[in-house]
Amino acid sequence: MISTPPVPDPQRLRALHERERRRYVDTHPRSAALAAASAPHFLWGVPLHWMRDWALPHPLFVERAQGHRVHCVDGHAYVDFCLGDTGAMFGHSPPPVAQAVAAQAARGLTAMLPGAMLAAVGEALQRVFGLPRWQVTLSASDANRFVLRWARAVTGRPKVLVFDGCYHGTVDDTLVDMAGDGRTLTRASLLGQVHDLALGTVVVPFNDAAAVDAALARGDVACVLTEPALTNCGLVPPAPGFLDAVQASCRRHGALFVLDETHTVSSGLGGYARVHGLAPDAVVVGKAVAGGVPCAVYGVTDDLARRMMAAKDAAPEGHSGIGTTLSASLLALAALQASLAHVMTADAYARMEATAAALQAALEGVVQRRGLPWSVTRLGARMELQFCPQPPNDAAAARAAMDEALERALHLFLLNRGLLVTPFHNMLLVPPMAGAGDVAAVAQALDDFLAEIAA
Ligand SMILES: Cc1ncc(COP(=O)(O)O)c(C=O)c1O
């Protein structure tokens with residue numbers, strides 16, 4: 001296991017953090033006033049309690065977000081490397097999506113009937129992601145939940161397999177942890193959980209192909225659901241050959257191979273599976289797929305589509321447990337069409353890749369010059385500064401490399417210098433419009449931070 005190096009000087013880190021907290025409060029009076037006005041109306045003063053997860057004394061209120069910049073109500077501009085935790089991966093309010101949304105808004109938002117653009121959307125999904133048959137949902141959580149239900153329905157098997165450290169949204173079956181002895185545990189932090197999730201889920205370590213094969217050999221697993229690289233417990237890349245081995249085990253044991261590409265769509269056009277020549281039975285893409293408008297999609301092979309339709313035809317009349325009323329609304333389809341045609345393009349990916357590679361090199365340069373045993377792991381436009389010398393091989397190693405005090409101080413230090421990074425660990429996403437000046441600003445800020453906390 002990779003161990004966490006000590007913070008260079010904990011006392012200096014604490015002093016820096018305290019000064020940065022005061023600086024934030026002093027420079028954000030309008031956000032403070034809005035936080036106070038919202039407090040009586042919302043739990044913790046925010047409409048989604050995750051908004052308190054930022055390392056901030058009080059929430060930052062947004063005046064507008066455009067391109068790669070967020071502007072707060074106190075008049076500060078931030079270069080955004082969080083991008084709504086991926087929803088705005090191609091920049092905020094991409095003009096083609098904004099225009100399509102405005103035009104559609106004047107012509108109907110939702111009707112529970114398909115819009116005239118549907119066939120074009122299907123063609124675009126197949127062109128980009130390669131799979132022929134699709135369904136549209138409101139969120140990636142929903143898409144994953146529904147794919148698991150389909151997988152159980154078509155295989156007649158009760159269990160699903162996920163990896164330790166996974167996150168696939170608010171999908172009960174996936175909200176599990178792995179005990180020290182390898183048992184599957186219901187995640188302790190879940191609220192209101194009454195079912196033992198170990199009854200329907202098997203969890204194994206990422207990058208352990210033998211454990212996957214052994215679990216699938218029991219014959220009761222409907223599907224493996226995974227991100228191609230874990231991105232939610234720190235970035236854990238797949239070892240060479242690991243995903244091919246999982247895919248082969250799935251084929252051998254009659255389980256479906258499902259890839260959640262919601263974050264790994266950063267890898268390149270069509271997502272990690274397309275870029276690396278994998279052949280999943282189903283793929284889920286959410287968040288950024290419609291340019292930030294609530295929408296997600298799941299695509300399946302022709303063979304799986306036939307099995308899904310047969311399962312539905314054979315079931316008694318009534319609710320399938322799959323779908324929600326606002327899914328595939330006219331608004332979402334219009335945004336999806338514009339995003340696939342004009343935003344999620346090869347050209348955009350080329351720019352993201354080039355700037356992300358430059359940012360990785362710049363951050364690695366700072367870390368090396370400062371003599372720190374840290375690494376920068378990158379998946380196309382997404383990267384993670386990790387407090388370990390090599391990218392972690394599994395979730396346990398990723399967790400061991402985390403240092404919450406260091407992260408929170410760093411995030412606030414960067415924010416006070418006009419740079420937003422994702423509040424969960426040290427993830428940075430690089431949108432197509434970021435450039436050399438933005439790279440230099442992050443590298444300089446990291447260097448200044450490290451200089452101040454050096455022992
Ligand atoms: C890999 C992955 N899948 C699914 C989701 C769920 O997305 P949403 O919260 O939009 O439903 C997330 C959210 O972070 C994610 O990281």
Side-chain angles (χ1 to χ4, degrees), residues 50 85-86 135 137-155 157-179 182-208 211-212 215-216 218 220-236 238 242-243 246-247 249-250 255-265 271-273 280-287 296-300 321-324 394-396 398-399 424-425:
W50 305 356
D85 192 18
T86 308
Q135 291 285 274
T137 68
L138 211 47
S139 68
S141 297
D142 276 351
N144 283 315
R145 193 179 356 265
F146 300 152
V147 168
L148 294 189
R149 200 176 262 281
W150 282 118
R152 287 174 164 133
V154 304
T155 61
R157 296 177 176 187
K159 295 202 171 182
V160 298
L161 185 147
V162 297
F163 291 101
D164 183 35
C166 75
Y167 182 68
H168 299 285
T170 54
V171 184
D172 280 4
D173 300 271
T174 64
L175 292 167
V176 290
D177 285 325
M178 198 178 73
R183 271 177 313 123
T184 303
L185 299 175
T186 299
R187 201 164 282 178
S189 57
L190 295 181
L191 296 177
Q193 184 65 38
V194 292
H195 304 294
D196 177 4
L197 299 177
L199 296 175
T201 304
V202 185
V203 68
V204 298
F206 196 68
N207 279 327
D208 189 341
V212 174
L216 297 188
R218 288 179 211 123
D220 58 356
V221 172
C223 72
V224 171
L225 170 64
T226 186
E227 294 186 271
L230 299 183
T231 67
N232 284 288
C233 57
L235 195 48
V236 182
F242 171 67
L243 293 171
V246 174
Q247 184 174 291
S249 285
C250 286
L256 299 172
F257 180 46
V258 182
L259 289 180
D260 178 356
E261 294 258 27
T262 298
H263 277 183
T264 54
V265 76
Y272 189 99
D281 297 291
V283 155
V284 168
V285 193
K287 294 195 181 184
V297 294
Y298 56 98
V300 300
I322 294 172
T324 59
D394 59 19
R399 285 187 204 110
F424 322 110
H425 37 103

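The structure presented is a predicted model; accordingly, all values stated were derived computationally and were not measured.
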Closest approach of [X] and [Y], non-hydrogen atoms and distance?
X	Y	answer
D220	A215	OD1-O, 4.4 Å
S141	V171	O-CG2, 3.4 Å
P228	L243	O-CD1, 3.4 Å
A188	D177	N-OD2, 4.3 Å
G286	A296	CA-CB, 3.6 Å

Return the set of residues passing side chain to side chain contact (heavy atoms under 4.5 Å, CB included) with [X] (not counting sequence neighbours), or none when no residue passes.
X	answer
T324	L138, D142, F146, S327
A211	V204, P205, D208
R183	A179, D181, L185
Q135	Y298

Using the test ring pair (Phe, Tyr, Trp, His ring centres under 6.0 Å), find all partners of Y272 that sit at least two apart in sequence or belong to another chain.
H276
For ring-ring contact (aromatic ring centres under 6.0 Å, His included), just list the numbers for F242 and F163, CA-CA rounded to whole Å, side-chain angles, deciding distance to a tenth of an Å, and then say yes or no.
CA-CA 13 Å; F242 171 67; F163 291 101; 5.7 Å; yes
Check whether the side chains of H168 and T174 place a donor and an acceptor atom closer than 3.5 Å, and report yes or no.
no
For [X], give me all partners under side-chain hydrogen bond (donor to acceptor under 3.5 Å, both in side chains), at least two apart in sequence or on another chain.
X	result
R157	none
S249	D213, R252
E261	T264

Contacts satisfying salt bridge (Lys or Arg N to Asp or Glu O under 4.0 Å) that involve residues 159-172 (not counting sequence neighbours) are D164-R399
Not counting sequence neighbours, which residues clear salt bridge (Lys or Arg N to Asp or Glu O under 4.0 Å) with D394? List them please.
none
Could you tell me which residues satisfy salt bridge (Lys or Arg N to Asp or Glu O under 4.0 Å) with R218, sequence neighbours excluded, listed by chain and number?
none
Check: F257 main-chain N/O paired with D281 side-chain donor or acceptor under 3.5 Å:
yes
Check whether any side-chain N or O of T184 sits under 3.5 Å from a backbone N or O of A198 as a donor-acceptor pair, and report yes or no.
no
Which value, rounded to the nearest 0.5 Å, describes the distance between [X] atom [atom1] and [Y] atom [atom2]?
X	Y	atom1	atom2	value
F206	C233	CZ	SG	9.0 Å
T231	F424	OG1	CZ	11.5 Å
L225	L161	CG	CG	9.5 Å
H425	L235	NE2	CG	8.5 Å

Given side-chain contact (heavy atoms from CB on, under 4.5 Å), test T226 with C166 step by step and report yes or no.
CA-CA 7 Å; T226 186; C166 75; over 6 Å; no
Stepwise side-chain contact (heavy atoms from CB on, under 4.5 Å) test for T262 and E227:
CA-CA 8 Å; T262 298; E227 294 186 271; over 6 Å; no
Determine, step by step, whether V162 and T201 satisfy the side-chain contact (heavy atoms from CB on, under 4.5 Å) criterion, reporting the C-alpha distance in whole Å, the side-chain angles of both residues, the deciding distance to 0.1 Å, and the verdict.
CA-CA 7 Å; V162 297; T201 304; 3.8 Å; yes
Taking the side chain as every heavy atom from C-beta outward, state whether V160 and V224 have any atom pair closer than 4.5 Å.
no
Test item: L216 and C250 side chains (from C-beta on) under 4.5 Å apart, heavy atoms
yes
Is D173 salt-bridged to R152, going by a charged N under 4.0 Å from an acidic O?
yes
Going by the side chain to side chain donor-acceptor pair (under 3.5 Å) test, which pairs reach into residues 191-200, not counting sequence neighbours?
none
Applying side-chain contact (heavy atoms from CB on, under 4.5 Å), run through R187 and V176 and close with a yes or a no.
CA-CA 5 Å; R187 201 164 282 178; V176 290; 5.5 Å; no
